[in-house]
Amino acid sequence: MLAEHVGQVVAEWIGEKGWKDVPAFGLERPADDAHGDYATNFCMQLARIAKAAPRGLAEELRERLLSTPTLQPYLDAVEVAGPGFVNFRLSRTAFVEAAGGLLAVGEEVGRGTRSQPLHINLEYVSVNPNGPLHVGHGRYAAYGNALHRLLAFSGHQVTAEFYINDFGRQMEMFGLSVAARYAQSFGLDLPVPEEGYQGAYVGDVAASIRAEVGDTWLAVLRERGLDDPDDETLLYFKREGYRRMLELMKEELRSFRVEFDVWFSETQLHEGGKVQGAINELLSRGVAYVEEDAIWLRTTDYGDDKDRVLIRSNERPTYFAADIAYHEDKLARGYDHLINIWGADHHGYVPRMKAAVGLLCGEPDRLEVIIGQLVNLLEDGETRQMSTRRGEMVTLQELIDAIGVDAARFFLVMRSHDQTLDLDIGLAKRQSQENPVYYVQYAHARIASILRNVPKDLRPDVIDESAVFTTAYERDLIKTLDEFGSVVTDAADRRAPHRIVGYAQDLAARFHTFYKHCRVIGSEPAVASSRLALCLVTKIVIARCLNLLGVAAPEKM
RNA sequence: GCGCCUGUAGCUCAGUCGGAUAGAGCAACGGACUUCUAAUCCGUGGGCCGGAGGUUCGAAUCCUCCCAGGCGCGCCA
C-alpha cells in the first residue's frame with residue numbers, strides 16, 4: 001500500500017539528482033518490530049552511485065518524505081537507523097485504507113494483471129503409458145499443476161499438456177508383456193520377455209482384456225508366440241494395453257486434481273508424417289545433414305556440445321527427432337512461450353532441445369525447461385529403489401490412499417523443486433496427522449465457524465474510528481494480506497509454488513495468533529465489524545492459496 | 001574427467017538478483033480452554049549456514065578453490 005507512494009517520491013528524487021543505473025526501490029518487512037512496519041535499504045545501495053554517505057542520503061530521503069503532503073496521512077514516523085536504513089511506521093489510516101481496499105476487491109484479491117500476458121504451453125508428467133504413476137511422477141504432477149494454476153492466476157494464459165510417449169520399444173515390450181500374461185491366464189506357458197514388464201498390474205490389464213474378448217487370441221498366441229512384434233495379434237495387445245493404461249493414468253491424475261487441456265500422442269506424430277516433415281524442412285534449410293548413413297542436426301549452432309542424430313543409420317528416427325516435430329507443432333499452434341518440466345535425469349537433454357527450438361524459430365529461449373529434482377524414497381530409513389519394469393515402486397495411489405490427496409499434494413509441493421526430496425513412506429503414513437496442510441486448513445475452517453456465528457446486525461465494514469486496528473495482531477494480519485499480490489507475482493515469475501506454501505503457513509500463523517488475542521463476535525460494534533472484515537479477507541486469501549496448490553479449503557474440520 | 005542440482009538446528013526444509021540479532025515445522029521441555037473450533041496459542045533449550053580464501057561499509061547469499069552427496073554426459077527413451 002505504501003511502496004508505490006514512496007516509490008514515486010524516490011523516483012522524483014533520483015530524477016532531480018540525475019543519478020543513473022540506480023537499483024530498484026523496494027520496501028521489506030523487518031524481522032524486528034522495533035524497526036517499524038516497513039523498511040528500506042535503498043540508501044545504502046544508492047551510496048556507491050551517489051558517492052555519498054548512506055546515512056546522509058537516508059536523512060535527505062526522510063526529509064523529502066515528511067514534506068510530501070500526500071504521504072502524511074499514512075505515516076506516523078519515518079526514522080533513519082543503523083548504517084542507513086529508513087524505517088517507516090504506518091498510521092492507523094494506512095491500515096484502515098489497506099483493509100478497506102482488500103475487502104472491496106473481494107474474491108479477486110491477489111489476481112495478477114500483466115501488461116503483457118503470455119500464452120504459455122506447459123508440458124509436464126509426460127510418461128510412458130506402461131505402468132502406474134509412482135510418487136516421483138506425483139511430485140511433477142503436483143508441482144506442474146500448481147505452477148499451472150499459479151501462472152494463470154498471475155495473469156498468463158496457460159495450456160497444460162501431456163505428451164504421451166506411446167511409441168517405440170518400451171511400448172512394444174509392454175504389449176508383449178500383456179500378451180504373455182493373457183496367455184498365462186489360460187495356463188499357456190508364455191513367459192514375459194526378459195526386458196518386459198513384471199509388475200502385477202500387467203496381469204490386471206491382461207485380465208481386463210480377457211474379460212472383454214475371452215479366449216479369442218489364445219490359439220494364435222499358442223501358435224506364433226511373441227517373436228514377431230509386428231504380428232497383428234501382438235499389435236492388438238499393445239494397442240489395448242496402451243488404451244487401458246492411459247485411461248488408468250488419466251483417472252489417477254484426475255483424482256489427484258491434475259487436469260490437462262491436451263493429451264498429445266507421439267505415435268500420431270509419426271503416423272501423421274510430422275516427424276519426417278520436420279526433418280525434411282531442416283534438411284532443406286541446411287541445418288540438418290547426412291553423414292555416415294545417418295541424418296544429423298546442427299545443434300552446435302546453438303551451443304550444444306555436439307551435433308545430434310535425427311535418423312539412425314538403420315533408418316529409424318530417434319526420440320529426439322520426434323521431440324523436434326512435437327515442439328515444432330507446439331510453436332505452430334501460436335504459443336508465446338513453451339515450458340517443459342523434466343526430471344533431473346533428463347537435464348543432459350536440455351541443451352540439444354533448446355538448440356532445436358533455436359533452429360526451428362530462431363529463439364531458443366522460447367523454450368524454458370524446468371528441471372525438477374528427484375524423489376528419494378525411503379521406507380523406515382531404508383532406501384527403496386524403484387523400477388517400473390520390475391514392478392517395484394511406491395505408487396502415487398498408494399501415497400494418496402495412505403495420507404489423502406490434500407496432505408500428499410501439500411507435501412510434494414512444499415519444498416523447492418530444485419531440491420531432492422526425501423520421502424519416507426512409512427514416516428509419511430505415521431505422521432500424516434502432523435502434515436502442515438491441516439494447520440492452514442484449520443485457519444480456514446475457524447474463520448468459517450466465526451462466520452456461521454455472526455449475528456445478523458454485524459456487518460463487515462471498516463469503520464474509520466480511532467478504536468479499530470490498534471493491536472499488532474490486527475496490523476500484522478493486514479500487512480501480510482496486503483502482500484499477497486506481490487507474493488503471487490513473485491512465485492509465478494520464479495516458477496516457485498512452494499513460496500505460496502510458505503506464505504499460506506505464515507498467513508495462517510498470523511491468523512491463529514490474531515484469533516487467540518482478538519475477539520471478533522462480542523467486541524464493541526466498530527471493532528467487531530472491522531475484525532470481521534479481516535476474517536473475510538483472510539478466508540478468501542487462504543482459500544486462494546489452497547486452491548493454487550490444489551488443496552481443499554474445508555468449512556469444517 | 002566434464003556439466004547440472006544440493007550441503008543451513010537432532011530430523012525435514014525455508015531464506016540465496018548482498019542488509020539490522022539466520023527462520024519454520026517436527027522432535028524435547030514448561031505453561032494456557034466458563035467466551036467465535038485446543039488440528040490452536042504463549043514460552044524454553046537447540047546453529048563454526050560443508051571447509052578455506054577473496055570482493056564489500058556489510059556475505060548463508062556474489063567470485064575462486066577444496067570436500068561430500070544426487071543426477072547426467074548414446075545412432076537409448
Side-chain angles (χ1 to χ4, degrees), chain A residues 23-24 28 30-32 34-35 39-42 44-45 47-48 53-55 81-85 87 127-128 165 167-171 266 291-296 305-306 308-323 343-351 371-374 376 381 411 414-424 427-428 431 433-443 445-455 494 496 498-499 501-502 505-506 508-509 511-523 528 531-532 535 554 556-557:
Chain A
E28 57 189 48
D32 187 341
H35 297 142
T40 183
N41 62 355
F42 182 72
M44 293 182 309
Q45 296 178 323
R48 218 161 298 170
R55 278 196 71 106
F85 290 98
N87 296 337
V127 295
N128 298 333
N165 295 142
F167 185 85
R169 184 169 165 76
Q170 295 308 317
M171 284 314 294
E266 182 186 354
E291 192 173 293
E292 295 172 355
D293 295 329
I295 297 179
W296 300 71
D305 296 336
K306 51 179 283 195
R308 305 291 173 172
V309 171
L310 298 174
I311 304 283
R312 304 182 186 96
S313 49
N314 68 8
E315 297 183 353
R316 295 182 65 149
T318 59
Y319 179 83
F320 183 47
D323 229 357
D345 52 343
H346 287 86
H347 80 257
Y349 192 73
V350 175
I371 295 301
Q373 294 300 315
L374 305 173
N376 209 2
F411 181 84
M414 70 187 293
R415 276 67 194 262
S416 164
H417 68 276
D418 237 5
Q419 181 99 15
T420 51
L421 187 65
D422 281 342
L423 173 60
D424 190 315
L427 207 61
Q431 295 186 344
Q433 288 312 304
E434 288 148 17
N435 191 304
V437 71
Y438 302 119
Y439 182 82
V440 178
Q441 289 182 316
Y442 185 56
R446 264 186 154 174
I447 298 172
S449 174
I450 294 175
L451 299 183
R452 283 193 295 271
N453 289 303
V454 165
R494 291 172 186 257
H498 77 277
R499 287 181 180 244
V501 175
Q505 288 181 288
D506 184 48
F511 176 77
H512 285 308
T513 299
F514 160 85
Y515 178 93
K516 183 72 180 179
H517 295 95
C518 299
R519 181 89 197 161
V520 180
I521 297 164
S523 295
R531 288 178 176 172
L532 184 59
C535 289
K556 288 184 178 178
M557 283 176 74

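Not measured: the values here are computed from a predicted model. Here is how names work: the chains are called A, B, and so on, in the same order as the sequence lines, proteins then strands, and each is numbered from 1.
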Do any side-chain atoms of residues 435-443 of chain A form donor-acceptor pairs under 3.5 angstrom with protein atoms, and if so which ones, sequence neighbours left out?
| from | atom 1 | to | atom 2 | distance (Å) |
| --- | --- | --- | --- | --- |
| A/N435 | OD1 | A/V437 | N | 2.8 |
| A/N435 | ND2 | A/A407 | O | 3.1 |
| A/Q441 | NE2 | A/D406 | OD2 | 3.1 |
| A/Q441 | NE2 | A/A552 | O | 2.7 |

Using distance only, find each side-chain donor-acceptor pair of residues 515-523 of chain A under 3.5 Å and give its atom names and separation, not counting sequence neighbours.
| from | atom 1 | to | atom 2 | distance (Å) |
| --- | --- | --- | --- | --- |
| A/H517 | ND1 | A/T513 | O | 2.9 |
| A/R519 | NE | A/I521 | O | 2.8 |
| A/S523 | OG | A/R519 | O | 2.7 |

Response to the item:
Contact string for nucleotides 6-21 of chain B, one letter per nucleotide 5' to 3', B = base within protein heavy-atom range under 4.0 Å, S = sugar-phosphate only, - = neither, reads S-----BSSSSB-BBB
Distances under 3.5 Å between protein N/O atoms and the N/O atoms of nucleotides 29-35 of chain B, please, pair by pair.
| from | atom 1 | to | atom 2 | distance (Å) |
| --- | --- | --- | --- | --- |
| B/U35 | O2' | A/R519 | NH2 | 3.0 |

Show me the protein contacts with nucleotides 74-76 of chain B, counting only N or O atoms at under 3.5 Å.
| from | atom 1 | to | atom 2 | distance (Å) |
| --- | --- | --- | --- | --- |
| B/C75 | OP2 | A/K306 | NZ | 3.0 |
| B/C75 | O3' | A/R312 | NE | 3.2 |
| B/C75 | O2 | A/S313 | N | 2.8 |
| B/C75 | O2 | A/S313 | OG | 3.0 |
| B/C75 | N3 | A/S313 | OG | 3.3 |
| B/C75 | N4 | A/E292 | O | 3.2 |
| B/C75 | N4 | A/E292 | OE1 | 3.4 |
| B/C76 | OP2 | A/R312 | NE | 2.4 |
| B/C76 | OP2 | A/R312 | NH2 | 3.3 |
| B/C76 | O3' | A/R312 | NH2 | 3.0 |

If you restrict it to nitrogen or oxygen atoms, what contacts under 3.5 Å exist between nucleotides 42-47 of chain B and the protein, and what is each distance?
| from | atom 1 | to | atom 2 | distance (Å) |
| --- | --- | --- | --- | --- |
| B/C42 | OP1 | A/T513 | OG1 | 3.2 |

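Partners of A/F85 under the ring pair (Phe, Tyr, Trp, His ring centres under 6.0 Å) rule, at least two apart in sequence or in another chain, do not exist in this structure. Remark: A/D506 engages A/R510 in a salt bridge (charged side-chain N to carboxylate O under 4.0 Å, His left out) (not counting sequence neighbours). Remark: A/F514 engages A/F511 in a ring pair (Phe, Tyr, Trp, His ring centres under 6.0 Å) (not counting sequence neighbours). For A/Q170, the side-chain hydrogen bond (donor to acceptor under 3.5 Å, both in side chains) test picks out A/Y197, A/R389, with sequence neighbours left out. Applying the side-chain hydrogen bond (donor to acceptor under 3.5 Å, both in side chains) test to A/D422 and every residue at least two apart in sequence or in another chain returns A/N376.
A stacking contact links A/H346 to B/A77: the aromatic ring centre lies within less than 5.5 Å of the base's six-membered ring centre, and the planes differ by less than 30°.
A donor-acceptor pair under 3.5 Å links the side-chain atoms of A/T318 to the main chain of A/L310, judged by distance alone.
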Discussion item. Counting Watson-Crick and G-U wobble pairs with both distances under 3.5 Å, what is the dot-bracket string for RNA chain B, 5' to 3', using [ ] for crossing pairs and | for pairs to another strand?
Written reply: (((((((..((((.....[...)))).(((((.......))))).....(((((..]....))))))))))))....
